[in-house]
Amino acid sequence: MNDEGALVLLSGGQDSATCLAWALDRFSRVETVGFDYRQRHAVELRVRQEFLTALRAAFPVWADRLGEDRVLDAGALAAIGDTAMIDQVAIEIGENGLPNTFVPGRNILFLTLAAAVAYRRGLRHIVTGVCETDYSGYPDCRDDTVKAVQVALNLGMESRFVLHTPLMWVDKAETWRMAADLGGDVLVEMLVEHTHSCYLGDHETRHAWGYGCGECPACALRAAGWARWTEAR
Ligand code: ZN
């Protein structure tokens with residue numbers, strides 16, 4: 001158990017919720033931060049609260065370690081606009097090979113804001129669920145980007161933050177397995193019921209792997225990972 005504190009970027013999606021369990025398994029003091037950037041799937045801001053409540057109720061040991069939660073306004077991203085993650089446009093691949101769900105600067109901004117919170121709260125470790133194995137091609141999810149941001153934050157804030165990316169080299173099937181290892185079927189069921197990944201914000205249609213349209217890139221990844229994991233189980 002690490003006595004230094006950790007801050008987890010909790011969006012309300014499967015990946016960051018799994019990272020929260022990962023952090024609670026390792027750090028004696030864990031706080032969470034989320035961001036409101038007027039995302040189409042704003043339902044994730046609601047389910048992240050549900051997830052925290054359910055987690056506290058089901059895992060008393062983790063509840064003791066779990067501290068403050070905050071949601072910061074990152075609405076400047078919406079003001080810049082022109083992304084399918086915020087605007088009501090069809091999801092497609094652009095000329096540069098990137099999906100138009102890419103929000104330029106988003107993860108760099110989130111890590112910077114998180115580090116500012118961690119600085120004020122005296123938390124050395126920052127945990128984010130970005131992943132380059134099984135992802136949508138976002139360059140700010142890459143390991144090199146996160147490492148470069150860590151250097152910049154530490155220089156710019158005269159700090160020794162450690163950025164953790166527990167999911168960087170695992171695929172979605174392994175993410176489900178990690179959750180089962182950390183919190184058993186109780187945690188897996190909580191992830192199914194109280195996290196949201198669908199880009200289109202569909203939180204009505206329930207599948208074995210959770211809620212979503214079942215068609216968008218985020219749903220496709222989540223469903224395929226669930227299928228591989230449950231087959232191998
Ligand atoms: Zn979807």
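The figures that follow rest on heavy atoms only: side chains count, while hydrogens, waters and symmetry mates do not. Residues take their numbers from the sequence shown, with the count starting at 1.
There is no path of hydrophobic side-chain contacts, each under 4.5 Å, that joins L66 to V71. Hydrophobic clustering (ILVMFWY, side-chain heavy atoms < 4.5 Å, transitive): V47 and L221 are in distinct clusters. Note on V192: it does not cluster hydrophobically with V43, by side-chain heavy-atom contacts below 4.5 Å among ILVMFWY residues. Taken together through direct or relayed side-chain contacts under 4.5 Å among Ile, Leu, Val, Met, Phe, Trp and Tyr, V151 and V146 form parts of separate hydrophobic clusters. Y211 and F51 fall into different hydrophobic clusters, where Ile, Leu, Val, Met, Phe, Trp and Tyr side chains are chained together by heavy-atom contacts under 4.5 Å.
In this structure, the side chain of R124 does not engage the main chain of V162 through any donor-acceptor pair within 3.5 Å. Side chain of N154 to backbone of Q150: a donor-acceptor contact under 3.5 angstrom is found.
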Exercise. Checking side-chain contact (heavy atoms from CB on, under 4.5 Å) for the pair T133/E174: CA distance, chi angles, key distance, verdict?
Worked result: CA-CA 11 Å; T133 307; E174 291 171 80; 5.8 Å; no
Exercise. Hey, mind stepping through R106 and Q39 against side-chain contact (heavy atoms from CB on, under 4.5 Å) and telling me if it holds?
Worked result: CA-CA 11 Å; R106 180 180 58 167; Q39 52 269 55; over 6 Å; no
For this session: For the pair E68 and V117, evaluate side-chain contact (heavy atoms from CB on, under 4.5 Å) and give the outcome as yes or no after the intermediate values.
Result: CA-CA 11 Å; E68 282 185 34; V117 172; over 6 Å; no
For this session: Quick one: do Q14 and K172 satisfy side-chain contact (heavy atoms from CB on, under 4.5 Å)? Show the steps, please.
Result: CA-CA 9 Å; Q14 175 193 354; K172 273 280 191 288; 3.8 Å; yes
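Note: W176 and W226 have perpendicular aromatic rings, judged against thresholds of 30 and 60 degrees for the angle between ring planes. Taking the six-membered ring where the residue is Trp, H207 and W209 present parallel rings, their angle staying beneath 30° rather than reaching 60°. Using bins of under 30°, 30° to 60° and over 60° for the plane-to-plane angle, the ring pair H164/H125 lands in the tilted bin.
Residues L187 and F59 form a side-chain contact, since some pair of their non-hydrogen atoms from C-beta on lies under 4.5 Å apart. Using a 4.5 Å heavy-atom cutoff, the side chains of R48 and D69 are in contact. Taking the side chain as every heavy atom from C-beta outward, F102 and D140 approach each other to under 4.5 Å. The side-chain heavy atoms of L167 and M178, taken from C-beta on, include a pair separated by under 4.5 Å. No side-chain heavy atom of T128 sits less than 4.5 Å from a side-chain heavy atom of L163. With a 4.5 Å cut-off on side-chain heavy atoms, V30 and W62 do not count as touching.
Judged purely by distance below 3.5 Å, without hydrogens or angles, the side chains of Y138 and E132 never pair a donor atom with an acceptor atom.
The pair E193-R206 meets the salt-bridge criterion, since a charged nitrogen lies less than 4.0 angstrom from a carboxylate oxygen. A salt bridge links R38 with D36: at least one charged nitrogen is closer than 4.0 Å to a carboxylate oxygen.
The two atoms that bring L24 and M1 nearest to each other are O-CE, 4.5 Å, heavy atoms only. Between L123 and F161, the closest heavy-atom pair is O-CE2, 3.6 Å. Looking at every heavy atom in both residues, S197 comes nearest to A218 through O-CB, 3.1 Å. In plain terms, the two heavy atoms of L45 and F35 that are nearest each other are CD2-O, 3.7 Å. Taking each heavy atom of C131 and C141 in turn, the nearest pair found is O-CB, 3.8 Å. Nearest heavy atoms, M157 versus T112: CE-O, 3.9 Å.
Separation of atoms CG (N2) and CZ (R29) is listed at 11.0 Å; rounding is to 0.5 Å. Separation of atoms CD (Q49) and CG (L10) is listed at 8.5 Å; rounding is to 0.5 Å. Note that CZ of R26 is 11.0 Å distant from CZ of R65, once rounded to the nearest 0.5 Å. Once rounded to the nearest 0.5 Å, the distance linking OG1 of T165 with CG of D15 reads 12.0 Å. Expressed to the nearest 0.5 Å, how far CZ of R56 lies from CG of D64 amounts to 10.5 Å. From W229, atom CH2 reaches atom OG1 of T175 across 11.5 Å, with rounding to the nearest 0.5 Å.
The environment of E4 atom CD is dense: over 12 non-hydrogen atoms of other residues, nucleotides or ligands sit within 6.0 angstrom.
Tested against L9 for a side-chain contact (heavy atoms from CB on, under 4.5 Å), the candidates L20, L111, V127 yield a single pass: L111.
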